[in-house]
Number of protein chains: 4
Amino acid sequence: MQAGQVPTFTESARRTQIMNCAIEVLAESGYSGASLAEIARRAGISKSVVLYYFSGKDDLLASVVSDVYGRAGQAIAESLSRHVSPGDKIAAYVRTNLHFLEEHAAEIHAVVEIVSNARGADGTHSFAPQGEDPVLAHLEQLLRDGQDSGDFRTFDAHHLAIIIRSAIDTVSGRLVVDPSFDLAAYTRELLAVVELATVTHRTEDSS
Amino acid sequence: MQAGQVPTFTESARRTQIMNCAIEVLAESGYSGASLAEIARRAGISKSVVLYYFSGKDDLLASVVSDVYGRAGQAIAESLSRHVSPGDKIAAYVRTNLHFLEEHAAEIHAVVEIVSNARGADGTHSFAPQGEDPVLAHLEQLLRDGQDSGDFRTFDAHHLAIIIRSAIDTVSGRLVVDPSFDLAAYTRELLAVVELATVTHRTEDSS
Amino acid sequence: MQAGQVPTFTESARRTQIMNCAIEVLAESGYSGASLAEIARRAGISKSVVLYYFSGKDDLLASVVSDVYGRAGQAIAESLSRHVSPGDKIAAYVRTNLHFLEEHAAEIHAVVEIVSNARGADGTHSFAPQGEDPVLAHLEQLLRDGQDSGDFRTFDAHHLAIIIRSAIDTVSGRLVVDPSFDLAAYTRELLAVVELATVTHRTEDSS
Amino acid sequence: MQAGQVPTFTESARRTQIMNCAIEVLAESGYSGASLAEIARRAGISKSVVLYYFSGKDDLLASVVSDVYGRAGQAIAESLSRHVSPGDKIAAYVRTNLHFLEEHAAEIHAVVEIVSNARGADGTHSFAPQGEDPVLAHLEQLLRDGQDSGDFRTFDAHHLAIIIRSAIDTVSGRLVVDPSFDLAAYTRELLAVVELATVTHRTEDSS
DNA sequence: AATGAATGAGATTTCATTCAT
DNA sequence: CATGAATGAAATCTCATTCAT
């Protein structure tokens, strides 16, 4: 398995298998519980195999993160491209995010565990976006687009983006922990809140 | 120190000192970085002293959690008692939470680190509320009160509570990581969103 | 055991004990055989104890090197101070070096193992003198002094120093490996060679 | 490749290639740095290939040693055969040794790394000559021949041989480490020392 | 009240080697 | 002829905890 070479079928299958086991363990047992030994045990292989396919634990975790991020980003981009009006775009953004979460709760939860816990030798977060968070910036831009087009009310796009993102991000943890969590209802409520928070409107008592 | 005995002044001072150092380390270096050795080093004492005042690491972390929770709960309860209308109460709830966060960012962040990472021997979260989360239930109740009184629109109180809580909870991490985070602006925006999301209103284009 | 503090008696005794065991193992089993496990086993303690008294394997090995170097340097300096003429100084240098070797064969051999094998993360020798080798420079200076005073013949001091040092350095390995090695005879022969190589003289056939 | 069979051309070419890479790695990264993985990487082949051509790491290292030894021995024997007088023979020995070192510094250094570090399962040196060291014995015999013929002074042939050998052996390390090492000057100085140490002479002040 | 000393469990990682293809 | 896959042993190091003083 040399760098720059096309991975064989077996190789990419094994990598996928190991990454999936890592995701399982991370979702179930958290960051500290996700030792190579545990991941290997779950995969029914020896620790060494993990290190044969990944150059180290860091590499494995980074691979999980970029893999899941990639798939999520693709799903969202695809969904957004099917809408034009800012309101529809925001709604699609929320809906796709939550829908992806529903089908990939463990993956997302695993990524959250990694991103919020992994730290380099210097003690700083390994996966913290340096400078601006691109995920947040993207959502912020969607909000600004709606303001520029006049569809949206005046608001602080940056901070509203944070509010919406946090409402999305909280879900993966809940889905993993609480099996009775009603994602459909949550989605409806969040869509309602987002609409109320963005679209220009008058409160009743001001009439 | 025997069980049931009143702690001496020295004792409770030492406990507080150790807890504060634990909070510092947790906020700076995260859960995995918060070893007893590091906490003791920061306090300028030996590991043994930590274990003299706390029965173990679990005990220390639990004490930090309950201490901070207690103080936060008190601050919030006090603030809420000064308002009567549901709208004012919710606003006070948000404002007090965020204000407490501002002054106790490290503490809250430490608690978040503990609650989201600490696990028992069986691998389950040590600090997960079993059954209903009382913090969430409290906020939910405030929302329902507003609905019952007719002040608030019809919404899904449980899920709206989750949305609001997540918008509050995301702040401690940001305050620790991003020194330029503008809490005042965030508070304004969140108050606006909460009002829009709760108070009965009509959107303009529906008029 | 905090940095900068005076070591307790127990502590320095343990450190000495561990260093001695490390020296034993290094002399007997070589650099690769000198694992922490083996050193601890020899000392009748657990691996953790070694790491309690030394911050890591590197620290232990560095301590051994500087300890032995220190004692050797002191012995040599003391001996040299008792002689004045360049010829006597060189002879004393050789004699003291070999004498020290006789009594500290294992120590010196251990240091040789460390110095010639230990490498940093970048792959370079950890204990290589950067720039000029001070040990060699010292001997070189002794030779030059003899030349300046007119006692010694014209020779290439730097390279002669290398020849003499290598004749000294080879001994520790032989002493450890070959118990029948006759150090006294070797010393006599080396002294003879050094004298022949330094003192001004005429060969018989040139007369 | 069955035992006793003549190796094919490809086979011996591959073996040579692998041995050369092993020599490179040993000279650059030392014994501990010379893992099969690193050697294979340097050769652009997989670890398995190395083990296909050599029965194990030990076999590879042993092959390197005997290959280099063989070539060195041949060069020296050839050179010696061109001289008759003991003085000329010794000079040729020194000159040829150092000349060989100059052109094969890495090889010799690699062999030194192997010989001084490789150990069997029992912890003893794998390549230590059991009984008398033939290399040393050879040089010793040259010295004795000169004494028997009356060309050389009275000295302790065994120990003088050790001194001369050590002066030769130290060079490979220096050549690898210190690119500014002046081998020609060193050779001149060592030849001078050897002559002074062997040839009968009178010191000036004894006249 | 405080601490130094010691330990065992477990984490990541390296490496030579075996096996099937 | 060559390789990818897999493994187990061993190495260094971290950490919470216990014990005697």
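A quick note: this is a predicted structure, and the numbers were derived from the prediction, not measured.
Within the structure, a side-chain polar atom (N or O) of A:Tyr53 is placed less than 4.0 Å from OP1 or OP2 of F:dA6. Residue D:Tyr52 has no polar side-chain atom (N or O) positioned under 4.0 Å from OP1 or OP2 of F:dA2. Residue A:Ser48 places no side-chain N or O under 4.0 Å from the OP1 or OP2 atom of F:dT7.
Not a single donor-acceptor contact under 3.5 angstrom links the side-chain atoms of C:Lys47 to the base of E:dT7.
For the pair B:Leu61 and B:Tyr31, the tightest heavy-atom approach, listed with the atom from each and the gap, is CD1-CE1, 3.8 Å. Scanning all heavy atoms of the two residues, the minimum distance from D:Gly120 to D:Ser126 falls at N-OG, 3.1 Å.
As the counterpart of E:dA1, no nucleotide is assigned, since no Watson-Crick or G-U wobble pattern has both distances under 3.5 Å. When both distances must be under 3.5 Å, the Watson-Crick or G-U wobble mate of F:dT12 is E:dA11.
To the nearest angstrom, P of F:dT17 lies 6 Å from CG of B:Asp58. Between the CZ atom of C:Arg15 and the P atom of E:dA5 there is a distance of 12 Å, given to the nearest Å. Between the CD atom of C:Glu11 and the C1' atom of E:dA6 there is a distance of 14 Å, given to the nearest Å. Rounded to an integer number of Å, the gap from C:Glu38 CD to F:dT12 P is 11 Å. The CG atom of A:Asp59 sits 13 Å away from the C1' atom of E:dT13 (whole-angstrom rounding). What separates NZ of B:Lys57 from P of F:dC15 is a distance of 8 Å, to the nearest Å. Straight-line distance from the CZ atom of B:Phe54 to the C1' atom of F:dT18: 19 Å, rounded to whole Å. Whole-Å rounding puts the B:Ile45 CD1 to E:dG4 C1' distance at 14 Å.
Between C:Val49 and A:Gly56, the residue anchored closer to the 5' end of DNA chain E is C:Val49, taking for each the nucleotide with the nearest heavy atom. Residue A:Leu51 is the one, among A:Leu51 and D:Ser35, whose nearest nucleotide of DNA chain E lies closer to the 5' end (criterion: closest heavy atom). Across the interface with DNA chain F, nearest-nucleotide mapping of C:Ser32 and B:Ala34 shows C:Ser32 to be the residue nearer the 5′ end.
Among the nucleotides E:dA6, E:dA5, F:dA11, the one closest to any side-chain atom of C:Arg14 is E:dA6.
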Show your working on side-chain contact (heavy atoms from CB on, under 4.5 Å) between A:Tyr52 and A:Ile18 and close with a plain yes or no. CA-CA 11 Å; A:Tyr52 178 75; A:Ile18 293 170; over 6 Å; no
A:Arg14/A:Glu11 under salt bridge (Lys or Arg N to Asp or Glu O under 4.0 Å): CA gap, chis, key distance, verdict: CA-CA 5 Å; A:Arg14 261 276 195 255; A:Glu11 178 176 333; over 6 Å; no
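As judged by a 4.0 angstrom heavy-atom cut-off over every strand, C:Leu36 is placed among residues touching the sugar-phosphate backbone only.
Within the 3.5 Å criterion, the main-chain N or O of B:Glu113 finds a donor-acceptor partner in the side chain of B:Asn117.
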